[in-house]
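In what follows, every heavy atom counts, from backbone to side chain, and hydrogens, waters and symmetry copies are set aside. In what follows, chains carry the letters A, B, and so on, assigned in the order in which the sequence lines appear, proteins first and then strands, with residues in each chain numbered from 1. Only a predicted model underlies this, so the values are computations on that prediction, with no experimental measurement involved.
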4 protein chains.
Amino acid sequence: MNFASDNWAGAHPQIAEALVTNAGGFAPAYGTSELDKRVEKMFSDIFEREVAVFFVGTGTAANSLSLTWASKPGGVAFCHSEAHAIDDEGGAPEYLTGGARLKGVAGRLGRMDPNALDAAIREHPAQFVHAGQPMAASITQATEIGTLYSLEQIEEIAGICREAGIPLHLDGARFANALVSLDTTPAEMTWKRGVEIASFGGTKNGCWCAEAIIVFDPAKIGQMHFLRKRAAQLFSKSRFIAAQFEAYFRDDLWLKNARHANAMAAELATAISNADGARLAWQPQANEVFALMKDEKAQALQAAGAQFYPWKPPLSFAGEMTAGDTLYRFVTSFATEAADIQKCAEALKA
Amino acid sequence: MNFASDNWAGAHPQIAEALVTNAGGFAPAYGTSELDKRVEKMFSDIFEREVAVFFVGTGTAANSLSLTWASKPGGVAFCHSEAHAIDDEGGAPEYLTGGARLKGVAGRLGRMDPNALDAAIREHPAQFVHAGQPMAASITQATEIGTLYSLEQIEEIAGICREAGIPLHLDGARFANALVSLDTTPAEMTWKRGVEIASFGGTKNGCWCAEAIIVFDPAKIGQMHFLRKRAAQLFSKSRFIAAQFEAYFRDDLWLKNARHANAMAAELATAISNADGARLAWQPQANEVFALMKDEKAQALQAAGAQFYPWKPPLSFAGEMTAGDTLYRFVTSFATEAADIQKCAEALKA
Amino acid sequence: MNFASDNWAGAHPQIAEALVTNAGGFAPAYGTSELDKRVEKMFSDIFEREVAVFFVGTGTAANSLSLTWASKPGGVAFCHSEAHAIDDEGGAPEYLTGGARLKGVAGRLGRMDPNALDAAIREHPAQFVHAGQPMAASITQATEIGTLYSLEQIEEIAGICREAGIPLHLDGARFANALVSLDTTPAEMTWKRGVEIASFGGTKNGCWCAEAIIVFDPAKIGQMHFLRKRAAQLFSKSRFIAAQFEAYFRDDLWLKNARHANAMAAELATAISNADGARLAWQPQANEVFALMKDEKAQALQAAGAQFYPWKPPLSFAGEMTAGDTLYRFVTSFATEAADIQKCAEALKA
Amino acid sequence: MNFASDNWAGAHPQIAEALVTNAGGFAPAYGTSELDKRVEKMFSDIFEREVAVFFVGTGTAANSLSLTWASKPGGVAFCHSEAHAIDDEGGAPEYLTGGARLKGVAGRLGRMDPNALDAAIREHPAQFVHAGQPMAASITQATEIGTLYSLEQIEEIAGICREAGIPLHLDGARFANALVSLDTTPAEMTWKRGVEIASFGGTKNGCWCAEAIIVFDPAKIGQMHFLRKRAAQLFSKSRFIAAQFEAYFRDDLWLKNARHANAMAAELATAISNADGARLAWQPQANEVFALMKDEKAQALQAAGAQFYPWKPPLSFAGEMTAGDTLYRFVTSFATEAADIQKCAEALKA
């Protein structure tokens with residue numbers, strides 16, 4: 001019953017096998033192999049347009065280099081106050097951009113409020129050097145707390161960005177989980193709604209180490225090739241990332257993994273809803289479930305073998321907390337087994 | 001007959017299998033798993049002392065973060081004029097250090113000349129802010145052109161560094177190839193001779209993606225944990241690097257791979273020495289062979305199926321070139337087959 | 001009737017004259033002249049202890065280099081949400097620190113709330129690399145909105161910093177105005193209360209261009225000499241800054257200028273309090289006066305010849321605004337004439 | 001007899017007086033005053049075209065921000081191996097550009113050799129991310145060692161830059177000295193010959209602190225306003241720089257100062273040529289004279305009251321040194337008096 005995080009899982013067997021399959025033979029290094037090219041082409045197919053793809057090693061690298069791509073001197077990037085880039089990346093975005101600022105924008109349940117975004121941008125009037133200048137906005141889909149932006153919400157935020165002359169970045173560390181939950185297409189969830197650049201994560205959904213930056217308009221890659229190399233993110237045996245993505249996309253493994261993780265989360269959510277002494281903090285939309293429990297309840301569940309951790313309540317939710325309740329996060333993944341959900345449900349009932 | 005580069009090879013079967021073996025189960029992320037700890041311990045065993053180990057994704061990251069660890073404002077790092085950090089890392093060391101300078105130091109056949117190093121350091125008198133300040137020296141072992149520093153030469157350079165109050169870094173992208181060629185121990189080739197920090201490469205010698213920074217005195221790690229995270233080099237499923245290293249060290253696979261690569265290089269060198277119209281540029285000491293050939297000879301060899309590339313002649317060697325000769329590099333690896341060397345030898349004779 | 005800003009004034013005649021007086025003769029460059037040394041000594045006298053002094057060209061440089069001095073990888077500096085460093089320095093602190101984050105801390109009327117500071121620091125547990133690490137706190141004295149920290153408040157904040165193991169920086173762009181208002185000594189307002197480093201501003205109080213970084217414990221200057229040079233803030237004819245400070249301190253000119261500016265502000269505050277259609281937003285404690293007026297009132301005052309600008313209401317004050325009122329800022333300086341205050345008072349009555 | 005450096009002089013009386021004259025009154029801050037605008041217009045007149053002008057505080061800032069303006073990821077800027085930016089700016093160009101590399105290009109007597117420049121650029125083939133990419137070239141006029149590029153030489157270098165697609169920067173810390181020596185116009189020495197951006201120095205030629213970045217095509221200023229602010233180089237009372245430049249240009253004071261300094265250098269050169277035991281190292285073309293002397297001769301001259309220092313022999317000159325000779329530098333300025341040259345000439349004869 002491991003619900004600690006989706007990065008506690010290892011790799012899906014088909015991903016691991018792909019690394020064996022591709023281990024032999026010689027191939028050009030630094031992303032120029034046939035396999036690299038072939039997998040880049042797969043991304044274009046998936047997104048229904050020619051896109052530029054840059055493999056990198058970590059989600060933090062994907063986010064930070066996406067922002068570096070958008071960077072301006074005195075630049076300010078807008079993201080949700082509790083975004084991963086702000087809370088969990090150890091200052092990498094600020095460092096790799098050479099000092100850009102991440103400005104937290106408020107919003108209910110992990111989603112930036114469009115009005116708040118608009119107001120935040122307006123605090124930086126054009127050509128007023130003292131206040132710095134807007135350079136990008138970034139949304140996380142699925143959000144840090146397992147909620148989603150609807151396509152309309154993405155479009156609305158993209159419209160604000162367009163008006164402000166800044167690109168919209170999508171942090172897709174859990175891209176697949178969001179995609180299958182919205183039952184939409186990769187194109188619809190991104191460039192058709194105004195996203196210009198995305199971090200496309202494979203690691204949390206069954207890969208060992210496979211992340212990509214997608215620039216939706218290849219004419220706009222700018223200096224990305226040099227940015228990636230300069231940040232030590234151009235892998236010599238880049239095809240080990242390509243091989244993972246090839247297996248990830250083959251026979252829709254990525255969608256299956258995500259559907260499984262989401263389904264496990266939904267079942268777990270039901271179990272929590274039905275339990276005494278526990279309740280859902282909000283409705284999960286992807287593979288993260290947040291529950292409110294008294295500490296004793298949580299300890300009992302842990303004693304029964306479930307692994308999960310408390311979570312800092314989102315600012316927008318703090319008002320809804322009841323004294324004595326603690327917020328806990330449960331994360332499911334491709335590796336979560338139905339039997340474990342069942343076992344957890346029983347432990348919750350106890 | 002692929003002699004393009006040791007990073008054109010894929011992964012050794014035992015490395016690839018290790019990724020399958022470790023794919024299942026849940027484990028703490030970000031380098032805190034049992035496997036991570038166990039492999040870190042293996043490094044301490046190999047180096048015959050407790051060392052601090054930081055897994056990273058690329059050799060460029062290992063070098064750049066080692067220099068960042070040693071960084072000072074206005075800092076100058078000394079390395080051979082044709083070091084990888086200068087010629088092939090796309091500015092990553094300068095970028096990740098926040099603007100340190102790499103100062104090229106001359107030296108015969110890839111090795112920094114100790115006197116030249118000493119003179120270069122002296123151009124930066126203590127407390128003279130205008131000239132910047134020495135912050136580190138870095139040697140590459142094996143060098144970029146397949147030669148080696150002897151243990152005494154490492155010691156001599158370390159002595160100069162010690163006197164100047166700067167740490168000595170060793171870029172060990174081909175650590176194993178150097179080690180088995182010198183027939184020495186990891187301890188002897190590093191900290192016992194005065195090296196304080198090393199980039200320890202597994203990728204070129206049979207891994208997919210396994211690099212580590214070794215700080216030989218754990219009391220001196222300073223801010224390395226934060227430096228790695230900030231540079232987007234802390235991998236969530238870090239154990240996929242640990243798993244590779246575990247297989248790499250098991251049953252001395254790393255040493256076997258390196259011995260094989262070196263032996264292949266030695267046979268190739270003999271074949272070149274014996275060929276008409278080709279000669280060794282200098283004696284290879286690891287897994288790179290540099291040959292002088294007329295272009296027609298090289299083309300004939302390529303037509304026979306051998307893959308290799310011309311190489312910019314080292315400054316210290318340019319005077320020994322004969323008109324009409326071009327310098328070519330041949331690299332062998334764990335994946336080079338004896339049959340290919342044999343085939344190449346025959347093609348050279350033709 | 002110019003109340004636009006204290007940096008709209010030129011230089012006090014004695015400051016300007018000092019530049020004439022010192023224009024002749026030759027003297028060592030880059031801060032090593034007798035005059036430089038003599039003025040550095042004056043700072044030690046003023047602060048009643050040996051201090052290390054670094055002249056720089058702008059307040060932004062003084063603040064940014066103070067934070068760079070305190071910098072750590074993934075570093076987070078805490079300052080009031082509406083601090084100059086956040087709102088008005090064009091990203092210089094983030095840039096010159098190589099990517100540190102400025103974290104805004106709430107607090108009434110320009111002063112960081114100690115509890116909020118403490119809570120903000122606690123969001124960065126030691127050794128938790130993902131969240132970055134606390135590196136410094138910075139208070140502004142006088143604050144951006146003309147209020148002051150009492151000595152006790154400084155001490156309280158310093159205590160929190162000490163416990164967190166981070167230095168406390170004081171942005172003293174209006175150091176003198178705060179000092180005379182508190183009727184205390186430079187030592188009491190800084191190191192005796194726990195401040196470790198300060199930006200000491202002369203520009204707003206009668207100099208052309210004279211700012212200094214003061215490190216109160218000279219044993220802790222660390223790399224500051226190199227940091228200043230590397231940031232292009234070591235002036236060749238540094239003695240032109242020293243000369244200004246010499247005149248600034250002679251016969252307590254700095255205190256006289258500050259007292260005059262504060263007195264002018266107090267008179268202006270009285271005039272606003274007595275006027276119909278205008279009221280003080282809060283009690284001024286230095287040389288800035290904030291008034292609430294209807295726009296027509298403000299326009300009438302401007303039509304009468306007064307120059308001043310609207311100001312974004314502090315978050316902590318927004319709740320006290322009445323519909324229809326706009327917040328305006330009036331700044332006085334050494335150059336403000338009593339006659340202008342009188343004239344303004346009359347215009348306010350009209 | 002002070003020949004230590006032109007930055008050991010103070011300010012010309014007319015410059016110092018200008019600061020008195022402009023000290024009164026109120027004016028908009030941060031470079032927006034009438035005086036700022038008027039002086040910017042003077043630059044356009046002087047350069048015979050509309051130019052964009054950015055006042056900064058130091059020559060190091062002017063050079064570093066010019067390179068930052070031209071910066072690219074993995075960027076390499078080419079300048080003479082003994083350029084000020086390499087030898088004397090404490091790493092500021094690398095730091096402020098976020099990690100660009102300064103690549104030293106050889107050349108006789110302080111001037112980059114065009115062929116060597118061309119060869120150095122070619123080491124960075126387009127789109128080859130490993131080697132970084134050319135971003136700018138920078139020439140110093142007058143050079144660090146008092147020689148000049150002819151207009152044709154500037155043009156030739158500019159042509160190489162144009163072909164490589166990189167801008168040419170001119171470090172004009174001694175712009176006026178070069179200008180009057182070549183007896184040409186500012187336009188001819190810069191944009192008419194292909195220079196795109198220049199550091200225009202006033203400090204060494206009679207100002208206290210007056211430096212400017214000139215972008216010759218105002219359509220190409222790019223992000224320079226933000227770059228300057230972010231680097232803490234936007235001065236609140238910017239008009240104190242403008243005031244210096246206004247006096248500098250009035251009645252051709254700048255040209256008179258430079259002619260005087262150069263004439264003093266020429267007379268000193270004659271005296272050295274005529275002296276026993278001393279000889280010119282090379283013919284001075286601006287306000288720096290380099291002499292070869294035995295140490296005893298130098299000491300005798302110093303004992304007679306002359307102040308000057310030894311200088312590291314340029315690489316291109318080292319071969320012409322005779323054993324026992326030391327190279328010394330003498331710098332003249334607006335403040336050098338003819339009587340001192342006369343006195344020095346006599347001491348040299350002794």
Side-chain angles (χ1 to χ4, degrees), chain A residues 28-32 36 52 54-56 61 64-77 92-101 124-136 165-166 213 215 218 221-236 238, chain D residues 28-32 36 52 54-56 61 64-77 92-101 124-136 165-166 213 215 218 221-236 238:
Chain A
Y30 297 114
T32 61
D36 286 278
F54 299 85
F55 299 139
V56 296
S64 299
L65 289 179
S66 293
L67 293 177
T68 304
W69 169 84
S71 198
K72 294 177 186 168
V76 180
E94 289 93 337
Y95 170 59
L96 293 175
T97 55
R101 180 181 299 175
H124 303 271
Q127 303 307 321
F128 184 67
V129 295
H130 308 279
Q133 56 185 332
M135 66 179 230
I166 58 176
I213 299 166
V215 179
I221 60 169
Q223 296 282 333
M224 189 63 96
H225 281 288
F226 284 93
L227 293 176
R228 177 177 58 175
K229 172 70 189 183
R230 186 181 64 164
Q233 291 287 340
L234 178 58
F235 288 74
S236 60
S238 166
Chain D
Y30 298 115
T32 60
D36 285 278
F54 299 85
F55 300 138
V56 296
S64 300
L65 289 180
S66 293
L67 293 177
T68 304
W69 169 85
S71 199
K72 295 176 185 168
V76 179
E94 289 94 336
Y95 170 60
L96 293 175
T97 54
R101 181 180 298 175
H124 303 272
Q127 301 307 320
F128 184 69
V129 294
H130 308 280
Q133 57 186 330
M135 66 179 230
I166 58 176
I213 299 167
V215 179
I221 60 169
Q223 295 282 335
M224 188 63 94
H225 281 288
F226 284 93
L227 293 176
R228 178 177 58 175
K229 173 70 189 182
R230 186 182 64 164
Q233 290 287 340
L234 178 58
F235 288 75
S236 59
S238 166

Q. Which bit of Tyr95(D) comes within less than 4.5 Å of chain A, counting heavy atoms only: side chain, backbone, both or neither?
A. neither
Q: Output the distance between atom NZ (Lys72(A)) and atom CZ (Phe226(D)), rounded to the nearest 0.5 Å.
A: 8.5 Å
**Q.** Among Arg228(A), Lys229(A), Arg230(A), side-chain contact (heavy atoms from CB on, under 4.5 Å) partner for Val129(D)
**A.** Lys229(A)
Q: To the nearest 0.5 Å, tell me how far Gln133(A) CD sits from His225(D) NE2.
A: 11.5 Å
